[in-house]
Engineer: 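Following this message is one structure expressed as structure tokens.
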Amino acid sequence: MRIFNSAKKIIPGLLLCILIAQLGVFLGKFIPSIGGAPLAIFLGLIAGNTFAKSTIFAPGSKFSESDLLSYSIVLLGGTLSINTILQLGFSGIAFILLQMALTITLTMFIGKKLGFSKHFRALMASGNAVCGSSAIGASSPVINAEDNDKGISITIVNLTGTLLMFALIPIAGFLYNFETLHTSALLGGILQSVGQVIAAGSMVNHQVLEMATIFKIVRIVFLVIVVIWLSKEFHNKEIEMDTEFALEEEAYSKKKNNISVPWYIIGFFILCILFSFGLIPPEISKTFKLISSKFEIVALAGIGMRVNISELVKQGPKASLYGLLVGLSQIVIAVVLIKFFI
């Protein structure tokens, strides 16, 4: 009964996302220079901020944005071999680690100069460096972040990523002429969420989409390291100020043990290994690819629907400036590191 009720709540928003996705694909045939993916996001953004603002659509759009996208990533693993992932090489891993480390450092620095609290800066740092809302969700309990800080950081990070998703395309065209590896590193190394990476990659070509997703997945794998570092950083500070050491130690241990890699990343690598060893037939792999692409476009419509423009205005100019400066710094860092490592 509970499953039935949950499904019932999801249906209105899911159906709307499917409709928006199909409309985006249809219009994309007439505007091939833009394509169906960005149109689906744009149409979703319009719908979510006008006639589809009702809460009845929220469960379905969230399901599309998160669950369908997760299933899409898992299925994508069944279409890629280990050799494709190994194309990143040591230099690709080094690029990702340095990009993440410098993003965290600059985000903390910029936030401090703008007068934001350390907890808020930490959430912004993890969200921008790793994987947006998921990273913020994983980081907030280990640093005892307030709900208000969590909500604002998720809003700013998601909106920053949405703007970058469109801004990085002309930059990649100008700097790299859409060469696969360099463009993929730019998109996969900067953009905040997997959905944004997939959307941006689809605006270029399927090869960039696949490789950019791999860059992004490697970033997500390092989420564990970022969260553990944050937990130690804030744990040590809190212990210095708190005499109830035993209680703090117990709480810290529980939070540390709860840190894990998202399930869809594990699923991605399992199917990738199976495909690499020939255990997934080509026909099945083609089916995975087809279903994955269908899920992607619906998920992108959901992402667009969940971008709340009024929330950005509500946060005020200082929070918006924070997101903008972090986004610009990420671009500069990535361009410099790509020159040396990719």
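Because only heavy atoms are used, hydrogens play no part in the values below, and waters and symmetry mates are left out as well, while side chains stay in. Residue indices begin at 1 and follow the sequence shown.
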Engineer: Taking the side chain from Asn177 and the backbone from Glu179, do they hold a donor-acceptor pair closer than 3.5 Å?
Structural biologist: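 No: the side chain of Asn177 does not pair with the backbone of Glu179.
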Engineer: Using the salt bridge (charged side-chain N to carboxylate O under 4.0 Å, His left out) rule, collect all pairs that involve residues 69-88, keeping only residues at least two apart or in two chains.
Structural biologist: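 Pairs touching residues 69-88 that pass the test: none.
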Engineer: Distance-only, no hydrogens or angles: does the Ser153 side chain make a donor-acceptor pair with backbone N or O of Lys150 under 3.5 Å?
Structural biologist: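 Yes; at least one donor-acceptor contact below 3.5 Å.
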Engineer: Do Met100 and Val130 have side-chain heavy atoms sitting under 4.5 Å apart?
Structural biologist: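 When only atoms from C-beta onward are counted, Val130 and Met100 do touch, with a gap below 4.5 Å.
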Engineer: According to a 4.5 Å side-chain heavy-atom criterion applied to Ile, Leu, Val, Met, Phe, Trp and Tyr, with indirect links allowed, do Ile333 and Leu324 form part of one hydrophobic cluster?
Structural biologist: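 Each belongs to a different hydrophobic cluster.
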Engineer: Side chains of Met165 and Met203: does their closest heavy-atom pair fall under 4.5 Å?
Structural biologist: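 Result yes, sub-4.5 Å side-chain heavy-atom pair found.
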Engineer: Phe95 and side chain to side chain contact (heavy atoms under 4.5 Å, CB included): which partner among Phe215, Phe90, Phe340?
Structural biologist: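 Of all the options given, the one that passes is Phe215.
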Engineer: For residues Ile266 and Ile273: do they belong to one hydrophobic cluster (side chain heavy atoms under 4.5 Å, members Ile, Leu, Val, Met, Phe, Trp, Tyr)?
Structural biologist: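 Yes, one cluster joins them.
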Engineer: Side chains of Ile198 and Leu69: closer than 4.5 Å at any heavy-atom pair?
Structural biologist: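 Yes, their side chains come closer than 4.5 Å.
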Engineer: A quick test of your reading: do over 12 heavy atoms of other residues, nucleotides or ligands sit less than 6.0 Å from CD1 of Ile56?
Structural biologist: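 Not more than 12 within 6.0 Å, no.
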Engineer: Side chain of Ser91, backbone of Phe341: donor and acceptor closer than 3.5 Å?
Structural biologist: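 Yes, the answer is positive, given that a donor and an acceptor are paired below the 3.5 Å cut-off.
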Engineer: Under 3.5 Å, is there a donor-acceptor pair between the side chain of Asp149 and the main chain of Ala145?
Structural biologist: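 Flag not set: sc Asp149 to bb Ala145 has no pair under 3.5 Å.
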Engineer: So, for Leu43 and Ile20, which heavy atoms are closest and what is the spacing to 0.1 Å?
Structural biologist: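 Closest pair (atom of Leu43, atom of Ile20, distance): CB-CG2, 3.7 Å.
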Engineer: Treating Arg121 as the side-chain partner and Phe116 as the backbone partner, does any N or O pair qualify as donor plus acceptor under 3.5 Å?
Structural biologist: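 Yes, the answer is positive, given that a donor and an acceptor are paired below the 3.5 Å cut-off.
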Engineer: Can you hop from Ile18 to Leu290 via hydrophobic side chains spaced under 4.5 Å?
Structural biologist: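 No, Ile18 does not connect to Leu290 through the hydrophobic network.
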Engineer: Any side-chain to backbone donor/acceptor pair from Ser276 onto Ile82? Under 3.5 Å, distance only.
Structural biologist: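 Checking the backbone N and O of Ile82 against the side chain of Ser276, a donor-acceptor pair under 3.5 Å is found.
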Engineer: Could you state whether Ile342 and Leu98 fall into the same hydrophobic cluster, counting links through intermediate Ile, Leu, Val, Met, Phe, Trp or Tyr residues with side-chain heavy atoms under 4.5 angstrom apart?
Structural biologist: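 Yes, Ile342 and Leu98 fall within the same hydrophobic cluster.
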Engineer: So do the side chains of Phe269 and Val74 get within less than 4.5 Å of each other, counting heavy atoms only?
Structural biologist: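 No, every pair of side-chain atoms sits at 4.5 Å or beyond.
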Engineer: For the backbone of Leu68 and the side chain of Ser72, can you confirm whether one donor and one acceptor N or O come within less than 3.5 Å of each other?
Structural biologist: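 Such a contact is absent between Ser72 side chain and Leu68 backbone.
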Engineer: Which is it for Leu106 and Val326 under the side-chain contact (heavy atoms from CB on, under 4.5 Å) test, yes or no, and what are the steps along the way?
Structural biologist: CA-CA 7 Å; Leu106 278 176; Val326 170; over 6 Å; no
Engineer: Under the salt bridge (charged side-chain N to carboxylate O under 4.0 Å, His left out) test, which residues partner Arg306, sequence neighbours left out?
Structural biologist: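 For Arg306, the residues satisfying salt bridge (charged side-chain N to carboxylate O under 4.0 Å, His left out) (neighbours in sequence not counted) are Glu65.
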Engineer: Find the distance between OG (Ser70) and CZ (Phe295) and round it off to the nearest 0.5 Å.
Structural biologist: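 The distance works out to 11.0 Å.
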Engineer: Heavy-atom count around Phe42 CZ within 6.0 Å, excluding the residue itself: above 12?
Structural biologist: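 At most 12 heavy atoms, drawn from other residues, nucleotides or ligands, come within 6.0 Å of this atom.
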Engineer: Do Lys294 and Val298 touch side chain to side chain, with heavy atoms closer than 4.5 Å?
Structural biologist: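 Side-chain contact under 4.5 Å: no.
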Engineer: Considering only heavy atoms from C-beta outward, does the side chain of Ser126 approach that of Val227 to under 4.5 Å?
Structural biologist: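 Side chain of Ser126 against side chain of Val227, heavy atoms only: no contact under 4.5 Å found.
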Engineer: Are Ile41 and Gln196 side-chain neighbours, meaning at least one heavy-atom pair lies under 4.5 Å?
Structural biologist: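 When only atoms from C-beta onward are counted, Gln196 and Ile41 do not touch, as no gap falls below 4.5 Å.
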Engineer: Does the plane of the ring in Phe120 sit parallel, tilted or perpendicular to the ring in Tyr322? Use 30° and 60° as the thresholds.
Structural biologist: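 Geometry flag for Tyr322 against Phe120: tilted rings.
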Engineer: Is there side-chain contact between Leu88 and Ile96, with heavy atoms separated by less than 4.5 Å?
Structural biologist: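 Heavy-atom side-chain distance check passes, below 4.5 Å.
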Engineer: For atom CD of Glu146, is the number of surrounding heavy atoms from other residues, nucleotides or ligands below 6.0 Å larger than 12?
Structural biologist: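 Incorrect, the count does not exceed 12.
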Engineer: Under 3.5 Å, is there a donor-acceptor pair between the side chain of Lys216 and the main chain of Gln192?
Structural biologist: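 Side chain of Lys216 to backbone of Gln192, a donor-acceptor pair under 3.5 Å: yes, one is there.
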Engineer: Report yes or no: does Ser202 contribute a side-chain atom to a donor-acceptor pair with the main-chain N or O of Ala199 at less than 3.5 Å?
Structural biologist: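 Yes, the answer is positive, given that a donor and an acceptor are paired below the 3.5 Å cut-off.
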Engineer: Taking Leu114's backbone N and O only, do any of them form a donor-acceptor pair with Lys318's side chain (distance below 3.5 Å, no angle check)?
Structural biologist: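 It does hold such a pair.
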Engineer: Is the NZ or CZ atom of Lys9 both under 6.0 Å from the centre of the six-membered ring of Phe63 and within 45° of that ring's axis?
Structural biologist: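 Cation-pi check for Lys9 and Phe63: fails.
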Engineer: Checking side-chain hydrogen bond (donor to acceptor under 3.5 Å, both in side chains) for the pair Thr79/Ser285: CA distance, chi angles, key distance, verdict?
Structural biologist: CA-CA 5 Å; Thr79 69; Ser285 179; 5.3 Å; no
